[in-house]
Each structure stands twice: as structure tokens, then as C-alpha cells.
There are 2 protein chains.
Amino acid sequence: MKEVARRAGVALSSVSRVLNDHPDVSDAMRAKVIAAIKELGYQPNLVASSLRRGSTKTVGFVVADISNPLFADITWGAERRLNRAGYSMVLTNSEGDPARDEKMVRLLRRRRVDGLIISLADETRKETIAELKHLEVPIVLIDREVGDLASASAVLADHAEGMRRATELLFDLGHRRIGLIGPSESTRPGRERLAGFKAAHSSRRVGVDWDLVKLGGLSPAFGEAMAHELLNLKDPPSALISAGNLLLVGTLRALHRARVSVGSEISLVSCDDVPLAELYNPPITVVDRNTVEMGEIAAGLLLERLEDPEAKPRVATVPTRLIVRASTAAAR
Amino acid sequence: MKEVARRAGVALSSVSRVLNDHPDVSDAMRAKVIAAIKELGYQPNLVASSLRRGSTKTVGFVVADISNPLFADITWGAERRLNRAGYSMVLTNSEGDPARDEKMVRLLRRRRVDGLIISLADETRKETIAELKHLEVPIVLIDREVGDLASASAVLADHAEGMRRATELLFDLGHRRIGLIGPSESTRPGRERLAGFKAAHSSRRVGVDWDLVKLGGLSPAFGEAMAHELLNLKDPPSALISAGNLLLVGTLRALHRARVSVGSEISLVSCDDVPLAELYNPPITVVDRNTVEMGEIAAGLLLERLEDPEAKPRVATVPTRLIVRASTAAAR
DNA sequence: TTGTATGCGTTATCAA
DNA sequence: TTGATAACGCATACAA
């Protein structure tokens, strides 16, 4: 900038004013400065600017597993919205490790991000929550609820309703023993999906058979192991809900291994409409939601507080939609 | 930091030395400073540190489409490696738009990233290349080749070899008319896959029928449209190579619509072993590569130059592997 | 409308 | 081993 000023024969501050298009700059000044900038190929230093302004125009994004297509979509939606608003995204991966959540939040605090979007690996871990409280910037939680975190907005998907409808669909088809494989209850989707599952049972006055409920993981490996267990029960379920797109992968592996055919021999429901669900033969019934939109909404909730410091944290809910396909059939 | 110094009753510079564990600090000094830091909950300002040091410990990552599971995996591998080495990743999405490539590179330049990992939307666009040349930091290209960019390392997948073997497999099964749907030639994977396809043809002394070659896109929509065209030819191909995981989604939609069954009526090969390929019925033959590893290697190539400024740019090649499954069957 | 000067929070140089 | 101080590149209060 100093060089630009020298070249243009003006003061440093004038260059700054031109760059930030300050109202009080003459056309002559602007022209001189712009010319000098061009000649020198000058690019402003956003690091210095951030230090001076006290704002980095940067948002931290902590995600449990970017390789999960779900999070990839959310990331996409959020990055697009943030980028358009002039913010850059600093991406970190907690790899599903609650302790890393805390570390990553601390790192982002040191980097002085203006805001944080986070999908916690574990909502209940107090060290992480304490760390989040120390952060003095707006926070948006993705599909998570942390009771005493007043500074956080959130985007929540209505898993419970979707799962209730899916379970009721199975009841309507005559199924009475329904297996559920899902994520752990330490995270909102796990709790909500279970809640919907239970709600359907009680509305139909059927007791939940806890031997058929396997909560605790997200991975294909967990899905496969749990599906294997359920299939080997003395009285196996006639329908299975594999509540997660990676769990579905594992579940299908187990079903193939056991040579149980979907639809005719066992009904199957999953969550999130990935290509595998749509194109599998038979196509798989899913509880879907708009994940890209969730990312956009998360970014929007953050931006509204970044642009207006008076704005209060807010919770937005995204609906789920039951897409019925041939994997759910009448019980035999 | 000033407060910490005051609280500990020492000079500012001493606090800095403790924080950067400089060799010449007494144990007493360290203890006092650490105590003050704890009491105040002080967290260093990495923005100021970056300005002063002239290094942000930050790497820019420009990807064409983070929602593509392929890039999501690459991102995962790269972020993990960078994070372990103390670098943060600034993620930007070009959305497949060559002009955005340039914009994003410029933005990252202003953010003073220490290095750049990029998967260009278009290798040939000169404005983008000019922008990359202005960047004075190490660059790593992901599956891209830019002739006159001396400052860039690269990770390349051996698509040509994989595609050659896939095509030869189809010839061995008796197919003579093989359709190819693939990405545009403005990007290395498109060129290489076509090269492998042609190599197989010439090794088997079969001429390429250009009516069967449809290059130009990555999306499901493109895959579906091209598959539709190929199926409606007066003399349609007996085998199809859908060279991309999203193209596969579109191709399968077209096949379903046309009620053509994979394996028995048409042989099918795709690229990258996504769950859909593994679990489809019949399972789909693919040309696979380790995408997470590609991300890790990209980060590694960057780190070796970040840690040793003398290090020269380097090209690493990742092998492809043909996974033969039931979607490829003898021609009828 | 433009120029001068100060400080943002660090690190590094130099002197003590 | 420690302390005082300059400088990193910019934005802004204030003076002209």
C-alpha cells in the first residue's frame, strides 16, 4: 500500500479510502490510485485489515465427518451463502471425536473467526460447552441442541415427525416387529429419531421391543454389525429402519450376506435420500430432508447476527418428508 | 497479552517468549506467565501473529464441487493431514465455474494463505493460470495438469491405465460397440479416460466410433441425457462406460427409464467405488482409486514445500484399480 | 477532499 | 535471562 501511495503520489490513507470506497474521494484521486494499483498488481493484505478492523470476515465450520455426503451437502450450502456475503469458511473436521470438538473450537477462537457453525460430535460434553461459552461470537448449531448455550442459534431437522410417519407406515403394512438401527442418543438426531419411533408405537398401542433397538453409531461398520445381530435373533424383525445413510450401506451389506431380499422378505426404511436409496433395487423408502438448504439456513442464521449485532439467536426447523418406495411392503 | 504481562509483573516480550517456548526462559518466569494466562483465560491472537510473522499457517483449498463424494473424500484426507501439521484449511467452492476459480484464488491470495491446493474447473483458462502465477506460495494441483506452471506440484490418478483395462475387459467379453460418457477434455480426468479408452481400441485394432463418445459434463443430468441418447441410437452400444460417480447416477436413471437391465442387456462400467456401485444389483464394475489418500498426498506435497522452502515441486501418481463385478457380462 | 499520525496484538532485535 | 521498542499492513480520528 505504501508503494501504491508513492507511485500515485498520494498519502497512504487515500489509498485506503479508495480501496474501501469511502464517500469523500475525488474522481481524480480514485483514478490515480486505481492506476497505481493496476501497475503494481497490488492486492490488499486481509490479515492486516482483519487485525485493524477487529473482524476477520471468516467463519469457522466444525463438522464431524466431511466425507459423509450429508455433511458435504450441508457444507456446500453454507459455504455458498457465506461466500456470497463476503465471508470465508475455515473448515475443520472433528472426526467424530468429542475431544477434538473442543480443540477445534479453541483453535478457531485463536484465529478470531467472526462466527462459528458447528455440528458437535457430542452435545453433552461439558468441556466443549465451556469452550463454546468462552467464544464471544455468534454460534449456529447444526441439528444439535445444547440447553444452556444462550448464544447459539440452530437449524434443526424434524426427524421425530419423519420417523413417526415412517414407523406408522410400517405398522399400516402389518409389521409388528420393527428393528431400529440409529446414531447414539448423545446427539439430537439419535434422540429425535428414537422419539418418533416410540411415538408411533404408542399411538398404535404397541410396546417397543428394546431388543430390536440398536443405537450407538453412524458408520457402515456399525450398521452392518447391528443388522447382523437383528437378523440372527430367534424372532427377527420383519422390518428394519436404518436411520442414517452410512448405516444403510452397512445394513445392505448384512442383508446381502444373509441373502435376505429387501421388500419381499424384509421391509427397509432409511434416512436421507442418497443415490443408493433412489436407485437400489427395489428403491428404498426414506425420510428425507433438504440438506443443502440446512447449510444455507445455518449460514443465514449466522449472517443475520453478524450483520446486526442486536439480533437474537434463533432456531429454524427444517421439515422431513417421507418418500415411500418399494422397499416397504406388506408383512407376510 | 499486555494484561497477562501486567498480571504476571513481567514484560510483554517475556510473555511472547513463553508462548513460543523460546529456549531462554527461566522456570520461574514460565510459571508466573502460565499462571497469569490461566487466570485470565488468555488466548493468543493468531491474526496479529500472522501479520507479524508473515505466515498465516493457513492453506487455501479450492474445489469444484464439495458435494461430490469424491471431493468430499479428498477434502477429508487433506484437512486431516494439514490439521496435524498445524495448518488450517480455508475452503472455497468454485461450483465448477472457471471464472470463480480465478476469483477464489485471488481471494485466497489476499488472505495470505501459505499454500494452495486446487482442483481447477478448467485447466486451460489463461486468466486463472495468470492468477496462479501471481501467487507466490506453493501450489498443489489435484488431478490437473497445467503445462507452464512451474510452481505447482500435483497428485495425479492413473485414469488412462484404469480405463484401458476396463475397456479391454469389455472387448474380452465380446463387446465391440462401447459407449463412453465422461467429463470434458478441459480437465485431466476427461482427457486421460478418453486416452485409455482409445488405447484399448487401438491395441485391439478396433476403430473408435465417435458417435458413441459423449464428453462434456460431470452431473447426473448430463449422464442421464447422454445415456438416453446412446440408448436411442439405431445401433446402440452393448456396453457403457459412465466415467464418473455422478454420471453413473444419471446413467442408471436413464437405464431404468428405458427398462434396460444392467448386466444381462447392457454391460456397465463406472469410475470410483461409491456405495451405489458396490451395492447395486448387479454390483457395478468400477475403476477405483484411493481418494482419501489423494487428499493426504496433496497435503503432503504441500507440506514438504512449506517446511522446506528449497524443496522443488513434485508430481505424485496414484494407481487405479479395476474392480470387476457382475455389471460386466458377455456380449449377447 | 486530502494528509498525518496512532494503534490493532504480535514477534524479533537490541541493549541491559 | 529479561525488558524496551520497532515494525508487520492497514483503517481511522483528527488536522489541514
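Protein chains get the first letters and strands the later ones, always in sequence-line order, with residue 1 at the start of each.
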5'-most by nearest nucleotide on DNA chain D - B:G9 or B:R112: B:G9
Between A:T58 and A:R111, a side-chain donor and acceptor under 3.5 Å: no
B:N20 CG to D:dT2 C1', straight-line distance once rounded to whole Å: 16 Å
Sugar-phosphate only, base, or nothing, as touched by A:S13 at under 4.0 Å among non-hydrogen atoms: base
Sugar-phosphate, base or nothing in reach of B:N45, heavy atoms under 4.0 Å: sugar-phosphate
Touch class at under 4.0 angstrom, heavy-atom based, for A:S16 against every strand present: base
Nucleotide of C:dT1, D:dG9, D:dG3 approaching B:S14 most closely (side-chain heavy atoms): D:dG3
Salt-bridge criterion met for B:D101 and B:R144 (N-O under 4.0 Å): no
Touch class at under 4.0 angstrom, heavy-atom based, for B:M1 against every strand present: base
Sugar-phosphate, base or nothing in reach of A:V47, heavy atoms under 4.0 Å: nothing
Minimum-distance nucleotide (side-chain atoms of A:V25 versus C:dG9, C:dG3, C:dT2): C:dT2
5'-most by nearest nucleotide on DNA chain D - A:L46 or B:R30: B:R30
Sugar-phosphate, base or nothing in reach of A:V15, heavy atoms under 4.0 Å: nothing
Closest to side chain of B:R17, choosing from D:dA6, D:dG3, C:dC8: D:dG3
Gap between atoms NE2 and C1', on B:H22 and C:dT11 respectively (whole Å): 11 Å
Identified side-chain contact (heavy atoms from CB on, under 4.5 Å) partner of A:L116 from the options A:L141, A:L132, A:V59: A:L132
Touch class at under 4.0 angstrom, heavy-atom based, for B:L12 against every strand present: base
